[in-house]
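Below, chain A is the first sequence line, B the second, and so on; all start at residue 1. Quantities reported herein were computed from a predicted structural model and do not represent experimental measurements.
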Amino acid sequence: MTKRVRFAPSPTGYLHIGSARTALFNYLYARNQGGKFLLRIEDTDLARSTEESTRSILDGLAWLGFAPDEEIVYQSNNADKHRAIALKLLEEGKAYRDFTPKEDRGDKDVKAAIVERAREQKNMRDNQFRDLSREESDAKAAAGEPFAIRLKVGETGKTAFEDAVYGLQERDYSEIEDLVLLRSDGHPLYNLAVVCDDIEMEITDVIRGQDHLTNTHKQILIYEALEKTPPRFAHLPLILAPGGKKLSKRIHGEIVSMTTYRDAGFLAAAFRNFLALLGWSAGEEREIYSLDELVEKFSLEGIHRSNAIFNFDSNNSRRWTDDKAMWMNAEYIRTMPLEEILPFVKAELKPAKLWRDEYEDEDKEWFEKTVDLIRERFFTLKDFSTQGRAYFSEDFDFDQAAIDKNLKKFPDLQAWLPELAERFAPVEDFTHDRIEEIVKQFAEEKGAKLGQIMNGSRALLTGLAVGPSMLAVFETLGKEKSIRRLKSRVAWNQ
RNA sequence: GGUCGGUUCGUCUAGGGGUCCAGGACACCGCCCUUUCACGGCGGCGACACGGGUUCAAAUCCCGUACCGACUACCA
């Protein structure tokens, strides 16, 4: 049978890192099994769901490259079906009308209220409307009394299922409340909606966050009431914030949003790779995997049971996100095939107004060589338009520290560097070896250390204290630009 | 409170009775390379939560404790 899995986010915020990994694992599993990867937007909570969130989630998914194999299902569109199913269960006596007025929690903390309630509640079956006769129930309903529909959970027994990650899970009925299927306002609730949709979409394997592990028992009860075979479940460990706390959109903000990484110049391939290794391992000492390799290696057996921490430090701009994610992105940037990174560089340069169409035409060779030269020490795509700016534009900034350390500290350079420019002027073959000859001889003549000349030149030519070999920089920038920049007074006056 | 789950270097992890005085990666620190910064190479720091069992042998199995987490909603 063809495997069918789904990623089912609720649109109450952007696509965050935990959801993204859930999507990734679903995607990998589907591809590995030759199955289908589906997408369902769980927008049953009208109050919290927003179109903007849906768009953001879709954007994030698109960036990661996970296109669903079938049309996107919007859960709210199925509300009528869910209602009908709840009514059918009511008809069959497997559910009942609960006329208890909806609890008004007011401003109370939801979490605290639940705990308080749980502490008091002894018997999950003590609802006075549970065994109301059909006539009485119908009469009250007909009289217009509002009611919720609850599933009638058995007096004794237990639910059990074999989780692909966590193993055998059992739960006694006495631990499970008669769950609400339909709210008194007629809206279906999550557990009902999920089960109905998963059945309708013919989902064979449900791969989702561990926070749903205990919900699963309730859902199994619904499957049983509906006389359907539940899918196979695989629950994923959670991704936590530093300190082992829950990663929250409210507290941690943009740091957990997928679009943040896209906008920060991450490569989707690198981020996917990083995500894959958070809670899963192929059981080998390897870190870098292409998508195809992940698909090939992926298995539910390789998923861990313990939560992982996503590291970042919001007080440290250098460490704004997980070190390993950043390292992996840098690794991809410097090692991926040159022709593959070129489109990304173009996309980065264009909005920064650093792009010229010649880079794909007569200057293609120069462009490729330059990208290859500078990518070596870049971490994100953003670096091409910031640190790499001097290679693509005459309008670049000078780093004050670079000027102080490599220029002003050696006043002689003020005269020397323009002099070096004069030495360059008559040179025909402005290439690495020839440049080296000239600079070395020049330094010798002046009794200066080679590094002094090189670093001073770097400050003038690139505005930075760090970068590729100066010989390569001279050659890449070319004779004209090198001369012009060596003679420029801008940095000296800064 | 109850139920369920988890616990290997700071972090991601390998390992599932002997091959482990625990391996890799990131981070950090040295050294080498070097005109700078990276890369790369070499090395260092650094962990089986705790306590009991079982066993000739336990990071690996069992029990308890601690800690962390999830769930316990007419949220999803």
Visitor: Would you say the side chain of A:Arg377 and the base of B:C39 hold a donor-acceptor pair, judged only by whether the two atoms sit under 3.5 Å apart?
Guide: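 It does not, because no donor-acceptor pair links the side chain of A:Arg377 to the base of B:C39 below 3.5 Å.
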Visitor: Please report the distance, rounded to the nearest Å, between CD in A:Glu170 and C1' in B:G2.
Guide: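 Taking atom C1' of B:G2 as the reference, CD of A:Glu170 is at 17 Å.
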Visitor: In this structure, how many angstroms lie between the P atom of B:C74 and the CG atom of A:Asp185, rounded?
Guide: 12 Å
Visitor: Quick check: on RNA chain B, is the nucleotide nearest A:Asp322 upstream (toward 5') of the one nearest A:Lys405, or the reverse? Name the residue that is more 5'.
Guide: A:Asp322
Visitor: Regarding A:Thr44 and A:His82, do their side chains bring together a donor and an acceptor under 3.5 Å, going by distance alone?
Guide: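 Side-chain D/A pair, A:Thr44 to A:His82: absent.
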Visitor: Taking atom P in both B:G16 and B:U55, compute the distance separating them and give it to the nearest angstrom.
Guide: 23 Å
Visitor: In whole angstrom, give me the gap between the P atoms of B:U7 and B:A25.
Guide: 24 Å
Visitor: Are A:Glu331 and A:Lys324 close enough for a salt bridge, meaning some N to O gap below 4.0 Å?
Guide: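 Salt bridge between A:Glu331 and A:Lys324, a charged N being under 4.0 Å from a carboxylate O: no.
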Visitor: Among B:C71, B:C26, B:U3, find the nucleotide with the atom closest to the side chain of A:Arg171.
Guide: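 Nearest nucleotide to the side chain: B:U3.
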Visitor: Using only side-chain N and O atoms of A:His217, determine if any of them is under 4.0 Å from OP1 or OP2 of B:C4.
Guide: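 No.
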Visitor: May I ask you to check whether A:Phe424 and A:Phe430 place their ring centers less than 6.0 Å from one another?
Guide: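 They qualify: ring centres under 6.0 Å apart.
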Visitor: Counting only side-chain heavy atoms from C-beta out, which of B:U72, B:A76, B:C39 sits nearest to A:Lys218?
Guide: B:U72
Visitor: Charged N to carboxylate O under 4.0 angstrom, A:Lys440 versus A:Glu436?
Guide: yes
Visitor: Tell which nucleotide pairs with B:C26, taking only Watson-Crick or G-U wobble pairs whose two distances are both under 3.5 angstrom.
Guide: B:G10
Visitor: Measure from NZ or CZ of A:Arg389 to the centre of the six-membered ring of A:Phe396, then state whether that distance is under 6.0 Å and the direction lies within 45° of the axis.
Guide: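 No, a cation-pi geometry is absent between A:Arg389 and A:Phe396.
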Visitor: Would you say the side chain of A:Arg334 and the base of B:C39 hold a donor-acceptor pair, judged only by whether the two atoms sit under 3.5 Å apart?
Guide: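 When only heavy-atom distances are counted, A:Arg334 does not reach the base of B:C39 through any donor-acceptor pair under 3.5 Å.
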Visitor: Is there, by distance only and without an angle test, a donor paired with an acceptor across the side chain of A:Ser469 and the base of B:U35 below 3.5 Å?
Guide: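 By the distance-only test, yes, there is a pair.
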Visitor: Measure the distance from CG on A:Leu247 to P on B:G69 and round it to the nearest whole Å.
Guide: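 It works out to 13 Å between those atoms.
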Visitor: What's the CZ-P distance between A:Arg319 and B:C28, to the nearest Å?
Guide: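 Computing the A:Arg319:CZ to B:C28:P distance gives 5 Å.
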Visitor: Any strand counts, and the cut-off is 3.5 Å on both contacts for Watson-Crick or G-U wobble. Which nucleotide pairs with B:G18?
Guide: B:C56
Visitor: Where the side chain of A:Leu238 is defined as all heavy atoms beyond and including C-beta, which of B:C39, B:A14, B:A70 is the nearest nucleotide?
Guide: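 Selected nucleotide (nearest to the side chain): B:A70.
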Visitor: Could you check which nucleotide pairs with B:C39 in any of the strands shown, counting Watson-Crick or G-U wobble with both distances under 3.5 Å?
Guide: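 Here B:C39 is not engaged in any pair, so there is no nucleotide opposite it.
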Visitor: From CG of A:Leu373 over to C1' of B:C37, roughly how many Å is that when rounded to an integer?
Guide: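 Result: 13 Å.
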Visitor: On RNA chain B, does the nearest nucleotide to A:Phe147 precede the nearest nucleotide to A:Leu213 from the 5' side, or the other way round? Give the residue.
Guide: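 Counting from the 5' end, the first nearest nucleotide belongs to A:Leu213.
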Visitor: Which of these nucleotides, B:A73, B:G24, B:C74, is closest to any side-chain atom of A:Arg117?
Guide: B:A73
Visitor: Please determine if a side-chain N or O atom of A:His187 lies less than 4.0 Å away from the OP1 or OP2 oxygen of B:C75.
Guide: no
Visitor: Suppose we define a pair by two distances each less than 3.5 Å, Watson-Crick or G-U wobble; what does B:C71 pair with here?
Guide: B:G2
Visitor: Rounded to whole Å, how long is the line connecting atom CD1 of A:Ile114 with atom P of B:C71?
Guide: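 About 9 Å, once rounded to whole Å.
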Visitor: Nearest of B:A25, B:U35, B:U13 to any side-chain atom of A:Ala308?
Guide: B:U13
Visitor: Which value, in whole Å, describes the distance between the P atoms of nucleotides B:C68 and B:C62?
Guide: 24 Å
Visitor: What nucleic acid atoms does A:Tyr166 come within less than 4.0 Å of, heavy atoms only: base, sugar-phosphate, or nothing?
Guide: sugar-phosphate
Visitor: May I ask you to decide whether A:Lys140 forms a salt bridge with A:Glu145, counting only side-chain N to carboxylate O separations under 4.0 Å?
Guide: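 Counted as a salt bridge, because a side-chain N and a carboxylate O are separated by less than 4.0 Å.
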Visitor: According to the Watson-Crick and G-U wobble definitions, with both distances under 3.5 Å, which nucleotide is paired to B:A47?
Guide: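 Because no pair has both required distances under 3.5 Å, B:A47 counts as unpaired.
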Visitor: Taking N and O atoms by type only, does the side chain of A:Thr214 place a donor or acceptor under 3.5 Å from a partner on the base of B:C4?
Guide: no
Visitor: If you take the centroid of each ring, where Trp contributes its six-membered ring, are A:Phe298 and A:Trp280 closer together than 6.0 Å?
Guide: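 So the answer is yes for these two rings.
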Visitor: Look at A:Lys245 and B:G69 and indicate whether a side-chain polar atom (N or O) is within less than 4.0 Å of OP1 or OP2.
Guide: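 So the side chain of A:Lys245 is within the cut-off, an N or O lying under 4.0 Å from OP1 or OP2 of B:G69.
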Visitor: From CG of A:Asn329 over to C1' of B:C26, roughly how many Å is that when rounded to an integer?
Guide: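 For the pair A:Asn329 CG and B:C26 C1', the rounded distance is 14 Å.
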Visitor: What's the CG-C1' distance between A:Asp163 and B:A70, to the nearest Å?
Guide: 13 Å
Visitor: Could you check whether the side chain of A:Asp211 and the base of B:A76 have a donor-acceptor pair of N or O atoms closer than 3.5 Å, going by distance alone?
Guide: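 Counting by modelled atom types and ignoring angles, no donor-acceptor contact under 3.5 Å is found here.
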Visitor: Give A:Thr100 one of three labels, base, sugar-phosphate or nothing, depending on what nucleic acid heavy atoms sit under 4.0 Å from its own.
Guide: base
